[in-house]
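Worksheet: the structure to be examined is printed underneath.
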Amino acid sequence: MLTITVLYDNVAHDARLQTDWGFACLVEGLEQPLLFDTGGKGDILLRNMRALGLDPRAVRTVVLSHAHGDHTGGLAAFLAENPAVTVYLPQSFPAGIKDTVRQAGATLAEVTEAQEITAGAHTTGELGSQIREQALALETPRGLVVITGCAHPGIVEMVRQAQAEVGGNVYMALGGFHLRDANAGQINTVIADLQALGVRRIAPSHCTGDAARRAFAVAFGADYLESGVGQVFIIGAEE
Ligand SMILES: [Zn+2]
Ligand SMILES: [Zn+2]
C-alpha cells in the first residue's frame with residue numbers, strides 16, 4: 001500500500017494547512033519515505049508536515065522535479081532539519097542548488113537517464129528541451145502512479161515516458177500539469193491523449209489551472225480526484 005500526501009499546494013484542501021504557490025508531496029509505503037519537491041518556502045513545508053503529524057526526519061530520499069523556486073525553495077530549510085537524505089535532481093540544475101545539497105551534508109545524485117531510485121520508485125530522467133524536468137513513477141498493485149511538479153515538458157510526454165521506461169498500465173497521474181495558459185482545444189487534446197495512454201485516474205493541482213481542472217473533472221468523472229494541500233491518496237491492492 002502506498003500513501004501520497006500533498007504537503008504544499010496553491011490549491012486549498014485541508015483548512016489546517018497553509019496554502020501557498022508551489023508543490024510538494026510525501027510518498028510513504030516505499031522502503032523509506034520519499035519527499036517529491038519542497039514547495040517555495042521551507043517554513044510552510046515543515047509546518048504543514050507537522051500539522052499532519054509527519055516527521056521530516058523520517059524522509060530518506062528527496063526528488064526535485066525541476067529548478068523553479070516554487071519546487072526547490074523549501075530545500076535548504078528541509079535539509080537543515082534533516083540532512084540524512086539523498087537528493088535526486090536533474091543534472092542540468094544550477095550549481096547553487098547542488099551546493100546547497102552538498103553544504104548541508106546531504107548526498108547529491110544527479111539524474112540524466114531514467115533509473116530506479118529506490119525499489120518501486122523510478123525517475124523518468126531529464127525531459128524537455130527548455131525547462132528540464134523529471135517525473136516520478138511509482139509501481140503499485142494498481143499500476144503506475146506518475147507524479148509531476150509542473151510538467152513543463154508536457155504532461156502527456158512525461159506520462160508516456162514513464163510508461164515506456166517502467167512498463168505496465170498507468171493507474172494515476174497527479175501534480176502540476178501546467179495548463180494554466182492552454183486554451184480549451186489544447187486542454188481537450190491533452191485529456192484525449194492521456195485517456196489514449198490508458199490513464200485511469202487523475203488528480204491535477206498546482207499549475208494545472210482552474211479551467212483545465214474543470215475539464216478533467218468532466219472527462220474523468222468519478223476517476224477525477226480532488227487534489228490540494230493536505231489531500232491524501234491511498235493506493236492499495238483493492239478498490
Ligand atoms: Zn510550479
Ligand atoms: Zn515550474
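We count ligands from 1, going down the list as the structure has it; atoms in each ligand are counted the same way. As the structure is a prediction and not an experimental result, all values here were calculated from the model. All values below were derived from every heavy atom in this structure, side-chain atoms included, with hydrogens, water molecules and symmetry-related copies excluded. Numbering of residues begins at 1 and proceeds along the displayed sequence.
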message: Angle between ring planes, F220 versus F216, binned at 30° and 60°: parallel, tilted or perpendicular?
response: tilted
field: Any N, O or S atom of H71 closer than 2.8 Å to the Zn ion (ligand 2)
entry: no
- prompt: Does any N, O or S atom in H178 come within less than 2.8 Å of the Zn ion (ligand 2)?
  reply: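 It does not; every qualifying atom lies at 2.8 Å or beyond.
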query: Ring centres of H206 and H71 under 6.0 Å apart?
result: yes
- prompt: Looking from the Zn ion (ligand 2), what is the angle between SG on C150 and NE2 on H66, to the nearest 10°?
  reply: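 The SG/NE2 angle about the Zn ion (ligand 2) sits at 90°.
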query: In H68, what N, O or S atom is nearest to the Zn ion (ligand 2), if we give its atom name?
result: ND1
task: State whether K98 and E110 are salt-bridged, where the test is any N-O pair (Lys NZ or Arg NE/NH1/NH2 against Asp/Glu carboxylate O) under 4.0 Å.
output: yes
- prompt: Under a 4.0 Å N-O cut-off, is there an ion pair linking R16 with D14?
  reply: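 The answer is yes: the pair qualifies as a salt bridge.
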Residue D70 atom name (nearest to the Zn ion (ligand 1); N/O/S):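 Closest to the Zn ion (ligand 1) among those atoms: OD2.
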message: Do Q161 and T124 pair up side chain to side chain, a donor and an acceptor below 3.5 Å, judged on atom types alone?
response: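 Judged by distance alone, the side chains do not pair up.
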